[in-house]
Structures are given as structure tokens and as C-alpha cells.
Amino acid sequence: AAGVIQSPRHLIKEKRETATLKCYPIPRHDTVYWYQQGPGQDPQFLISFYEKMQSDKGSIPDRFSAQQFSDYHSELNMSSLELGDSALYFCASSLVSGGPYNEQFFGPGTRLTVL
Amino acid sequence: AQTVTQSQPEMSVQEAETVTLSCTYDTSENNYYLFWYKQPPSRQMILVIRQEAYKQQNATENRFSVNFQKAAKSFSLKISDSQLGDTAMYFCAFMEAQAGTALIFGKGTTLSVSS
């Protein structure tokens, strides 16, 4: 079965640079979520989109922005990168209208290292 | 705001034994979902088991079962017949029963299974 695809899997950037992370949800899934997991930390919710509209917002810095496109893929744009942005970034997708669980299926993550 | 607390940073167990991981949560919602996720060294987030708050019956998935105490806001995970492959970080997570809402994770419990 198709899973959530994230690209790139690894990314190395310098401070103050910009990064773009991409997420391709499971086909037919209508909702995408972004989470940030720092070293030794639990995943922290950043933002979510349902049918291309922002549906929920967490602790996302103003330097970050995200959107969901017409084909349902999503991009997380990160500017003015800081050392503290080094983390594993997960994308998850779900089919909100598909059942009682709204189970979120996680991608493999993008490991961002800021030097 | 909802919070999830895992009071055991680390646990260890021997193969074939049983271990219980604790989780408590705080919410004013009546309808919600609870999850246990496993994160092995590969860092992939894997759903282990889920529980709907409106169901009194405890969820089970093969060797994994939960003890859900809604009044006490407790949601523990029991792993029976532990296997070396169970070695991982385990996160307890809460989600409101609304479309597109975020998962709120506990800090995690590192479980080590030894032979």
C-alpha cells in the first residue's frame, strides 16, 4: 500500500538559509499534518491542512509557512534558519471523512541539520 | 489545553516477560481518541494501538493491550511476551474527536528489551 512520501529525507543548511520540505500524502487522503521532533523530544504539532485550507495551527514559528496544493501535496517553507531548527520533520496524512478514527499515517520524516 | 504525561522515562524488560507503560492525560473533552505510537531507532512513527473514549472495552492488538480508565484519565499499554523488536521509544498521544486536529504527545518512554 502507498505510504506518505517526504522529500528530501536529509537536508543540510547553513544558518539564515531557507529550506523547503515536501510531503505527498497517501492517495485520496484530504488532510496533511506537520510535526517537528527535536533530538530526544516528542513530536510537536506545527500546522495542518484540510482540503487545502489551514485547519489547525500549533507552535509554528513565524519564519515558517506551509500550504497544501491542488494535488494535496504540501510544502513547509522555513526561512532564516536557526541552529534550533535542526530536527526531524514529520508529515502525516489522514482521510478525515473516511471513518471514526481519523488515523494519521506518518511519513519517514525529513532530517534537517542547520550548521 | 490538553496535556499528556508519561511518568516513566525509561523501562527495561527481559524477553518473554510482560511490561506496562503508564500514561495519564488531562482534558475537558468527553469525546476523543487515545493512541500509543512506537518509534524504533529508525525514527519511523508506527501506530501500535488506539482507543476511542466512548468505548468502554479496552483495545487489544495481538500482544498489545490497553487499560483505559476514563474517569481516572489513565491509558496504560501492556506488552505481553516482549520481543527484542519491541525495543523502541513509546509515545502516548491524545486527539480530539474533530476533523483535522493535532496529535498531542507525551514525552515518551524508552523501552529496552533484553535477552
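Reminder, nothing fancy here: chain letters follow the sequence lines and each chain counts from 1.
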Before you tell me yes or no, could you show the steps for B:Y25 and B:Y32 under ring pair (Phe, Tyr, Trp, His ring centres under 6.0 Å), namely the whole-Å CA-CA distance, both residues' side-chain angles and the distance that decides it to 0.1 Å? CA-CA 11 Å; B:Y25 58 95; B:Y32 50 87; 5.4 Å; yes
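- When each of A:Q37, A:Q44, A:R111, A:Q41 is scored by its heavy-atom pairs under 4.5 Å with chain B, the top score falls to A:Q37.
- Between B:S82 and B:Q14, the closest heavy-atom pair is CB-O, 4.0 Å.
- In this structure, chain B has a heavy atom under 4.5 Å from the side chain of A:S48, while its backbone stays farther away.
- Ranked by heavy-atom pairs under 4.5 Å with chain B, the list A:S94, A:A92, A:P43, A:S55 is led by A:P43.
- Using a 4.5 Å cut-off between heavy atoms, B:Q6 does not touch chain A at all.
- In this structure, chain B has a heavy atom under 4.5 Å from the side chain of A:Y33, while its backbone stays farther away.
- Interface remark: B:L47 contributes side-chain atoms only to the contact with chain A (heavy atom separation under 4.5 Å).
- The parts of B:F105 that come within reach of chain A are both its backbone and its side chain, each placing non-hydrogen atoms under 4.5 angstrom from that chain.
- The two residues A:S86 and A:P39 have their closest heavy-atom pair at O-CD, 4.0 Å.
- Taking the six-membered ring where the residue is Trp, B:Y37 and A:F106 present perpendicular rings, their angle passing 60° and hence far from 30°.
- A salt bridge links A:D85 with A:R63: the closest approach of a Lys/Arg side-chain nitrogen to an acidic carboxylate oxygen falls below 4.0 angstrom.
- Evaluation of the salt bridge (Lys or Arg N to Asp or Glu O under 4.0 Å) rule for A:D56 yields no partner, not counting sequence neighbours.
- The part of A:F90 that comes within reach of chain B is its side chain, from C-beta onward, which places non-hydrogen atoms under 4.5 angstrom from that chain.
- Evaluated for a side chain to side chain contact (heavy atoms under 4.5 Å, CB included) with B:I79, the options B:T20, B:L111, B:T18 yield exactly one hit, B:L111.
- Looking at A:Y35, only its side chain comes within 4.5 Å of chain B, counting heavy atoms on both sides.
- B:E61 contributes no side-chain N or O that, together with a main-chain N or O of B:S65, makes up a donor-acceptor pair within less than 3.5 Å.
- Top candidate by heavy-atom pairs under 4.5 Å with chain A, chosen from B:M45, B:Q44, B:K107, B:R43, is B:R43.
- The most heavy-atom pairs under 4.5 Å with chain A, out of B:G106, B:A93, B:G108, come from B:G106.
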